[in-house]
Amino acid sequence: MKQFPKNFLWGAATSAYQVEGAALMDGKKESMQDINNQGGQFADASVTSDHYHRMKEDVALMKELGMNCYRFSIAWARVLPDGVGEVNQKGLQFYHDLIDELLANGIEPIPTLYHYDMPMALVEKYDGWVDRQSIFDFAEFAELIFKEFGHKVKKWISINEQSIIVQYWTKKNYVPEKYLNDARMRYQINHHMHLADKLATKLCHELVEGGTIGPALGYDPIYPLTSKPEDARAAMNAQDLRNQYFLDMYLKGFYTESAFRYLKEHDMQPLFHEEDEKICQSAMSDFIAINYYSSMCAKAPKKDATRQYQGVNISGVKGQFSGEEIQPDFYEMVKNPNLDTTDWDWTIDPTGLEYTLRDIATRYNVPLMITENGMGAYDTLEEDGRIHDHYRIDYLQKHVIAMKNAIDNGVELLAYCPWSYIDLLSTSNGYKKRYGFVYVNRTDEDEKDLNRYKKDSFYWYQQVIATNGAKLAVDNYLVTEH
Ligand code: BG6
């Protein structure tokens, strides 16, 4: 395999509430995720991987891995505990320390401004993203961050996975009870996030010299289930509402016509304030960051189909899945019968990554980045401190090849940040489902000693980075000597 471009960034990703812990420490107040993860069957967000206290040890391991970039997120409620107003200096200091430590170790920081974790103070004040004021409060937060860190950080991610928030809005967002059955509200909060993204993008361009910014979009490419024309049309409809709708707003400043028309006909379209069109046109993303895990299929829905949103597998037993999205008269999502899945029913499709990158690059001609990609799996810590995660190596290896194919076909790809650098609190499955190159010794029920162990995939990725993607083979020594 030939090498990747010389300046290619090899990294890995996490998000604040999933790794930091210290949920109510040093002035931080609750975020939506501190509430969402209370009292469930999985760990809460109070300790997670304790990165807040082990930051230096974690960065040292990143350096050993060879990473030259790191995607993480800044917890809004750590720096502005009430969402607006008084700044928590200790919170800012934590991110200064992290960024300085990364830079000192030759690792480019790529922070995300928003990863599902709005301060609860704003939910209590006005129901969070439901209210238009959230747009301007987010801009206040973004301005503070750009002014504080803009001289050190040049690549920024604005908002994580708006498309997935629309699907799983109670898990990735906190929804006050009165809105739970309000289908329009899903698209209204998404609209507010788009406006917030626009204001942050403009601020980044104004305040950060040489700064670039883009959203991280959760993206499943959609294939027609069969070659029947009505299935092909359903796949196009799904592509428009689930993917294009977001890309068009980020890169062109308007919503995809077919998707918006569908929402309007079903009384689900976001309502526009008179200044919104202007805000939508006021700034465009410099790149698109893609979170890619799997692909999907679509077919024409039955005539009497009723609306349903994407389900989830909580058990980790294949097939215990609570159903796919259905949009009546538009499309029905289905799993691809040709693909294998993880234990949590996520299809494994490396070719879908090449397809995605080439498709977006051809349509929009913008640089791309991968800010998430990885395999959630059960891992076992052996008595000798080893973790033999060959399944993860296999998954990642195939996706790296897919990226290279996309680059060879003309895609400008800036970075690869697999999910995740270290084991963390999975948004849907706690610590049962692990993603990291680094194992964290804890379970949902027991925090144990939280010690770090390098998995076999750590050594594999180390070799990939050291050879700039030229050596992808799984050498025997990976599974025997370390
Ligand atoms: C993405 C999120 O949706 O996928 C991450 O940005 C998340 O926060 C990741 O952890 C994997 O999803 P899950 O539900 O397996 O944790």
Side-chain angles (χ1 to χ4, degrees), residues 11-20 31-34 36-37 40-45 48-49 51 71-75 110-118 157-174 190 193 214-220 242-243 246 288-296 309-318 320-322 341-348 353 356 369-379 391-392 395-396 399 417-437 440 444:
T14 64
S15 89
Y17 84 90
Q18 295 179 273
V19 291
E20 285 178 4
S31 81
M32 286 176 163
Q33 293 307 330
D34 296 314
N36 278 358
N37 289 290
Q41 66 182 112
F42 304 117
D44 64 26
T48 62
S49 301
H51 174 66
R71 182 210 173 201
F72 59 98
S73 78
I74 294 179
I110 307 182
T112 303
L113 291 174
Y114 185 78
H115 201 113
Y116 308 149
D117 56 350
M118 179 182 260
I157 307 293
S158 51
I159 297 183
N160 186 63
E161 293 199 341
Q162 285 180 223
S163 59
I164 307 296
I165 295 173
V166 169
Q167 291 296 324
Y168 302 99
W169 74 326
T170 53
K171 194 73 195 157
K172 319 259 172 180
N173 179 51
Y174 178 86
N190 176 63
M193 287 182 189
L217 184 60
Y219 198 101
D220 294 329
R242 291 171 60 111
N243 294 331
F246 303 89
I288 296 291
I290 299 292
N291 293 351
Y292 177 84
Y293 292 89
S294 59
S295 62
M296 294 287 288
Y309 292 94
Q310 199 82 39
V312 68
N313 175 327
I314 300 196
S315 66
V317 177
K318 279 192 190 188
Q320 292 191 352
F321 183 73
S322 54
T341 69
T342 69
D343 287 330
W344 281 268
D345 289 321
W346 297 29
T347 54
I348 301 173
L353 177 59
T356 295
M369 211 186 257
I370 293 168
T371 39
E372 289 184 35
N373 169 237
M375 185 179 192
Y378 294 104
D379 289 339
Y391 34 87
R392 182 168 295 110
Y395 177 102
L396 293 171
H399 285 79
C417 295
W419 189 262
S420 50
Y421 163 61
I422 194 166
D423 287 345
L424 43 71
L425 179 70
S426 150
T427 58
S428 48
N429 306 99
Y431 276 84
K432 289 198 171 45
K433 185 207 255 176
R434 292 172 184 267
Y435 285 92
F437 292 111
V440 175
D444 284 317

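First listed ligand is number 1; within each ligand, the first listed atom is number 1.
With distances taken over non-hydrogen atoms, the option nearest atom 16 (O) of ligand 1 out of Ile164, Leu425, Thr427, Asn429 is Thr427.
With sequence neighbours excluded, the residues satisfying side-chain contact (heavy atoms from CB on, under 4.5 Å) with Asn243 are Tyr219, Ile222, Gln239. By the side-chain hydrogen bond (donor to acceptor under 3.5 Å, both in side chains) test, Tyr378 pairs with no residue at all, sequence neighbours left out.
By the 30° and 60° cut-offs, the orientation of the rings of Tyr435 relative to Trp419 is perpendicular.
Shortest contact from atom 12 (O) of ligand 1 to any protein heavy atom: Trp346 CH2, 3.4 Å. Scanning the protein for heavy atoms near atom 10 (O) of ligand 1, the closest one is Gln18 NE2, 2.9 Å. Here the protein heavy atom with the shortest distance to atom 6 (O) of ligand 1 is Glu372 OE2, 2.7 Å. Closest protein heavy atom to atom 11 (C) of ligand 1: Tyr435 OH, 3.4 Å. Here the heavy atom of the protein found nearest to atom 9 (C) of ligand 1 is Tyr293 OH, 3.3 Å.
A donor-acceptor pair under 3.5 Å is absent between the side-chain atoms of Asp117 and the main chain of Ala75, judged by distance alone. The main-chain N or O of Tyr116 is found under 3.5 Å from a side-chain atom of Gln33 such that the two form a donor-acceptor pair.
Contact atoms of ligand 1 toward Ser426: 13 (P), 14 (O), 15 (O), 16 (O) (distance under 4.0 Å to a heavy atom of the residue). Near His115, the atoms of ligand 1 lying under 4.0 angstrom from a non-hydrogen atom of the residue are 2 (C), 5 (C), 6 (O), 8 (O). Atoms of ligand 1 lying under 4.0 Å from at least one heavy atom of Glu161, given by number and element, are 1 (C), 2 (C), 3 (O), 6 (O). Of all atoms in ligand 1, listed by their number and element, those nearer than 4.0 Å to a heavy atom of Asn160 are 6 (O). Every atom of ligand 1 is numbered from 1 in the order shown, and the set under 4.0 Å from a heavy atom of Lys172 is 3 (O).
When only modelled atom types and interatomic distance are considered, Thr112 and Arg71 share a side-chain donor-acceptor pair under 3.5 Å. When only modelled atom types and interatomic distance are considered, Asp34 and Tyr174 share no side-chain donor-acceptor pair under 3.5 Å.
The closest approach between Lys171 and ligand 1 stays at or above 4.0 Å for every heavy atom of the residue.
Contacts between Trp344 and ligand 1 below 4.0 angstrom, taking non-hydrogen atoms only, are absent altogether.
Lys172 forms a cation-pi arrangement with Tyr168, by the criterion of a distance under 6.0 Å to the ring centre and an angle within 45° of the ring axis.
Few gaps surround OH on Tyr292; more than 12 heavy atoms of other groups in view lie less than 6.0 Å from it.
Considering backbone and side-chain N/O of Tyr17, none are found under 3.5 Å from N/O of ligand 1.
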